Each structure stands twice: as C-alpha cells, then as structure tokens.
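Report on the following structure.
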Amino acid sequence: MNEWPLFEVFIRSKQGLDHKHVGSLHAPDAKMAIQMARDVYTRRQEGVSIWIVPSSAIVASDPNDKAANFDPMEDKIYRHPTFYQLPDEVDHM
Amino acid sequence: MYTQPTDRKELAATAERAPRTLTPEDAAFQQRIDADEFIEPRDWMPQAYCKTLVRQISQHAHSEIVGMLPEGNWITRAPTLKRKAILLAKVQDEGGHGLYLYAAAETLGVSRDEMIEALHSGKAKYSSIFNYPTLTWADIGCIGWLVDGAAIMNQIPLCRCSYGPYARAMIRVCKEESFHQRQGYDIMLALCRGTPEQKNLAQDALDRWWWPVVMMFGPSDKDSTHSAQSAAWKIKRVSNDDLRQKFIDATVPQADLLGLKIPDADLKWNARRGHYEFGAVDWEEFWRVVNGDGPLNRERLAARVKAYEDGRWVREAATAYAAKRGRGSFDPDAAKHGRDSFDPDVAKHGRDSFDPDAAKHRASEKVA
C-alpha cells in the first residue's frame with residue numbers, strides 16, 4: 001500500500017498568538033490530518049486552532065545558502081534600537 | 001518510552017566508528033557539534049551520524065509502540081474507572097510518542113513503511129523490558145514508577161541531543177512522560193497502604209521488575225559499542241553506567257518510602273562515593289531477551305503484526321476515500337475552517353488558482 005502523504009501541523013496555542021509548527025504526521029487527506037493532529041498534539045489543551053499543510057507544498061531555503069541569505073544582516077546593527085545612544089533625558093524613547 | 005543501547009562490542013564488526021581520515025566536511029561538522037549547534041534535517045552530516053540516528057530513533061519509536069502492549073493488557077481490568085481512564089490516557093501518550101519519533105526518523109530519509117517492516121520482520125530491536133509479562137495490577141504500578149522512571153532518566157539528556165528533530169521530540173515526550181511515573185508510584189502507594197495481600201502484590205511486582213529495569217540502561221560502558229562516537233556527536237550525552245547509577249540512587253529512597261524491599265542483597269549506601277552500591281547484573285539474561293528469547297518476545301511481535309494487519313482495511317478505506325475526493329488536494333472544508341483569512345472568498349480563489357485540479361474535483365463533487 002502506498003504510504004499516506006505527509007502533513008505539517010501548526011497549532012495556535014491560544015487566541016492572540018501565531019500558529020506554530022509542532023510536528024508532522026501521515027494522513028490519507030487533510031481532513032483526517034486535522035483529526036489526527038487533534039488527537040496527537042492537543043490532548044492537554046495545547047491548542048485552540050490547527051493548521052495542516054501538505055509537506056510537499058512547503059518551499060524551503062537551501063541550508064547551503066545560509067551564509068548568503070543571512071550573514072549580510074550581521075553588520076547592520078543600526079537596525080536595532082540599541083545602536084543609538086541618546087541623552088539620559090530621553091532614555092525611554 | 002525508551003531507547004536502549006543493544007549493540008555488543010564483539011558483534012560490532014560493521015559498527016560505525018570515527019572515520020579514519022577526516023574530510024574537511026567531517027571536521028566542519030564536528031566543529032558545529034562542539035559549538036553546541038543543532039543539526040537540522042537538510043544540513044550536511046556524515047553518513048554514519050545519520051545511520052546511528054536512524055537506528056536509535058527508530059528503535060526508540062518501536063519501543064513506544066510495543067510498550068503499549070503490556071499496559072494495554074490491563075485497560076479492561078483496571079480496578080476503578082479512574083484508574084482505567086488514567087491508563088487509557090497513558091497508553092495513548094505512548095502511541096503519540098511513537099509517532100513523534102517515527103516522524104523525527106523520517107526527516108533522515110527513512111520511510112515509515114521501512115521502519116514498520118523492520119520491526120515486524122524482527123530486524124529492528126525495541127527495548128527488552130517490554131518482553132516481560134504484566135501478571136498483576138501491581139505490574140502496571142511498577143511500569144509507571146520504574147520503567148517510565150528509567151525512561152525519563154535516559155530521555156532528559158536526549159532533549160539536548162545534537163539532532164534538532166530528535167531533541168524536539170524528546171522535549172515533548174519528557175513533558176508528557178512525567179505524569180506516567182507519578183501515576184505508577186500512586187498505584188504502588190495505594191497498594192502499599194492497603195491490605196497485606198495488596199502489599200504482597202506490590203513486593204512481588206518489584207521483585208520481578210527490578211533487574212529487568214536495571215538492565216534497561218544497556219550494557220556496561222566497557223561493553224558498549226557506540227558510546228564513544230555517540231558521545232562525540234552528542235547523540236548520547238550520559239553513559240549507560242552513569243544513568244544506571246543515577247536511577248538506582250533516586251529509586252532506593254522511593255522504595256523505602258513504600259516500605260518495599262529491593263531484591264538485591266548487595267545493595268548498600270556508600271557514603272564515601274555518595275552512591276548506592278549494587279549487585280551484579282545478569283547480562284546473559286539481558287542478551288537473551290534482546291536477541292529474541294525473552295518471556296514474551298514472540299507474543300509481543302505477533303500482537304503487533306496482528307494489530308497492523310487487522311487495521312489494514314481501515315487504512316485502505318481511508319486511502320480509497322481520499323483518492324475519490326482528490327488525493328493530495330487541499331480539503332476545502334478543512335481549509336475554510338483552518339484559515340483565519342479576512343475574506344473567505346479571496347482565500348478560496350487564491351487556493352483554486354494554486355491547484356486547478358483540486359478545484360476541478362470540488363466542482364465535480366458539487367455536481368454529483
């Protein structure tokens with residue numbers, strides 16, 4: 001028998017927070033995947049909402065491009081508020 | 001529930017060892033490990049690292065799944081409704097733990113079917129502890145208290161294992177597992193505070209489980225094949241003997257509190273070392289059980305295969321149903337409820353254009 005396709009599971013732990021990736025599972029279709037995700041990942045009220053995404057639909061960056069993608073940000077510290085020294089009088093800006 | 005080192009040094013002709021000549025990739029990889037970086041699925045890794053992980057994680061997964069059997073034996077006979085509900089929840093957890101671990105192993109390129117096949121054919125191993133029978137209700141107490149206690153001892157260091165998906169699975173498992181040990185001790189407490197017959201039941205179970213549990217940590221470090229390389233790769237962070245000692249040190253006072261006697265005449269506190277000394281482990285028994293000749297090896301595997309075969313028609317029906325509805329397409333109902341888009345129509349159009357086939361299936365379904 002063909003293996004069921006793989007789905008990635010995302011759970012919103014409570015209203016106001018993002019859905020977060022929690023794991024993956026095999027299921028015959030998306031509807032069953034939601035049911036199974038509920039049984040596997042929310043047995044202790046870990047979630048209020050579930051997203052299911054076919055793993056094959058995810059397009060990921062190449063780990064070999066990690067340096068090219070992310071290193072250029074390393075010397076752009078002026079993007080952080082801590083880069084700017086302000087007089088004490090405006091300390092809480 | 002547990003991963004158990006089961007490879008004997010003298011049998012390890014093909015064992016993975018540190019490569020004789022380190023390639024630049026190997027060196028860079030080791031550098032990442034030494035810097036406590038996590039390795040993720042698509043990162044470069046030595047083949048032997050991958051192979052070691054697949055073996056360990058899949059064995060661990062098999063142990064969770066087979067581990068449901070000894071406890072499942074008592075679900076229908078739990079003494080109260082409360083105990084039954086608790087045991088059901090615990091066994092369900094073990095199934096979930098198996099799933100987390102299979103999923104972690106799959107990130108290394110091995111398929112679920114391959115792993116299941118390896119278990120069912122007897123090629124893959126699982127923890128020796130599950131080949132012992134659960135004869136009385138007190139055995140369920142001992143499994144929670146001792147077997148899960150030993151498992152937690154082993155699994156906590158694995159939460160910092162160098163392979164990201166395995167470490168994340170272990171964090172989830174450990175979080176859920178802590179209730180398992182406590183419910184087991186709770187059963188033992190109830191028995192030990194009960195009638196003399198109940199207390200005898202508890203002692204009898206401890207007598208039978210103690211040594212198999214002590215063996216769960218695997219062979220002594222001096223006889224363990226993979227320890228050195230696994231330690232260098234930070235797959236195994238604490239040695240078998242250290243874990244065993246830690247477990248015994250923690251457990252003896254718990255047995256004292258229950259008023260039970262641990263079946264080891266040589267067990268005594270060594271104040272100088274700050275540890276308990278304990279008697280010799282019967283490693284012959286360990287290898288016998290690991291290699292298939294324990295009290296219940298054949299029954300456990302047969303039960304596992306039967307469950308898989310009995311469930312085949314359900315899996316096939318679900319597959320056929322999914323195929324009929326348009327396999328692989330996004331389920332429109334699920335999508336509608338799952339998305340938190342502002343405008344469901346926009347979302348629908350967006351998805352339809354993404355997958356025209358799915359849209360077609362849905363359209364034909366509506367007509368029918």
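Within every chain, numbering begins at 1; the chains are lettered A, B, ... in the order of the sequence lines, protein sequences first and strands thereafter. Keep in mind that this is a model prediction, so the values were computed, not measured. Only heavy atoms go into these numbers, but all of them, side chains included; no hydrogens, no water, no symmetry mates.
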Looking at every heavy atom in both Arg43(A) and Glu176(B), which two are closest together, and how far apart are they? NH2-OE1, 3.2 Å

Can you tell which part of Glu106(B) gets under 4.5 Å to a heavy atom of chain A, answering side chain, backbone, both or neither? side chain

Which heavy-atom pair separates Val40(A) from Tyr100(B) by the least distance, and what is that distance? O-OH, 3.3 Å

Ignoring hydrogens, what is the shortest heavy-atom contact between Ala60(A) and Arg42(B)? Give both atom names and the distance. CB-NH1, 3.4 Å

Check this for me: Met93(A), atom CE, are more than 12 non-hydrogen atoms of other residues, nucleotides or ligands nearer than 6.0 Å? no

Just checking Lys123(B): does its NZ atom have more than 12 heavy atoms from other residues, nucleotides or ligands closer to it than 6.0 angstrom? no

In terms of heavy-atom contacts, Pro28(A) and Ala322(B) come closest through O-CB, 3.2 Å

Measure distances from Thr107(B) to the heavy atoms of chain A and classify the residue's part below 4.5 Å as side chain, backbone, both or neither. neither

With a 4.0 Å cut-off, would you call Arg44(A) and Asp93(B) a salt bridge? yes

Spatial distance of atom CH2 (Trp4(A)) from atom CZ (Arg112(B)) [nearest 0.5 Å]: 10.0 Å

Pick one of side chain, backbone, both or neither for Arg172(B), based on which atoms fall under 4.5 Å of a heavy atom in chain A. side chain

Decide yes or no for Tyr41(A) and Leu99(B): does some side-chain heavy atom of the first lie under 4.5 Å from some side-chain heavy atom of the second? yes

Is it the side chain or the backbone of Ser55(A) that comes within 4.5 Å of chain B heavy atoms, both, or neither? neither

Gln45(A) atom CD: more than 12 heavy-atom contacts under 6.0 Å: no

Asp113(B) backbone acceptor or donor facing Glu3(A) side chain under 3.5 Å: yes

A quick test of your reading: do over 12 heavy atoms of other residues, nucleotides or ligands sit less than 6.0 Å from CG of Asp18(A)? no

I need the minimum non-hydrogen distance between Tyr321(B) and Asp29(A), along with the two atoms involved. CD2-OD2, 4.2 Å

Answer yes or no: is there a side-chain heavy-atom contact under 4.5 Å between His26(A) and Tyr102(B)? no

Non-hydrogen side-chain atoms of Pro63(A) and Glu40(B) separated by less than 4.5 Å: no

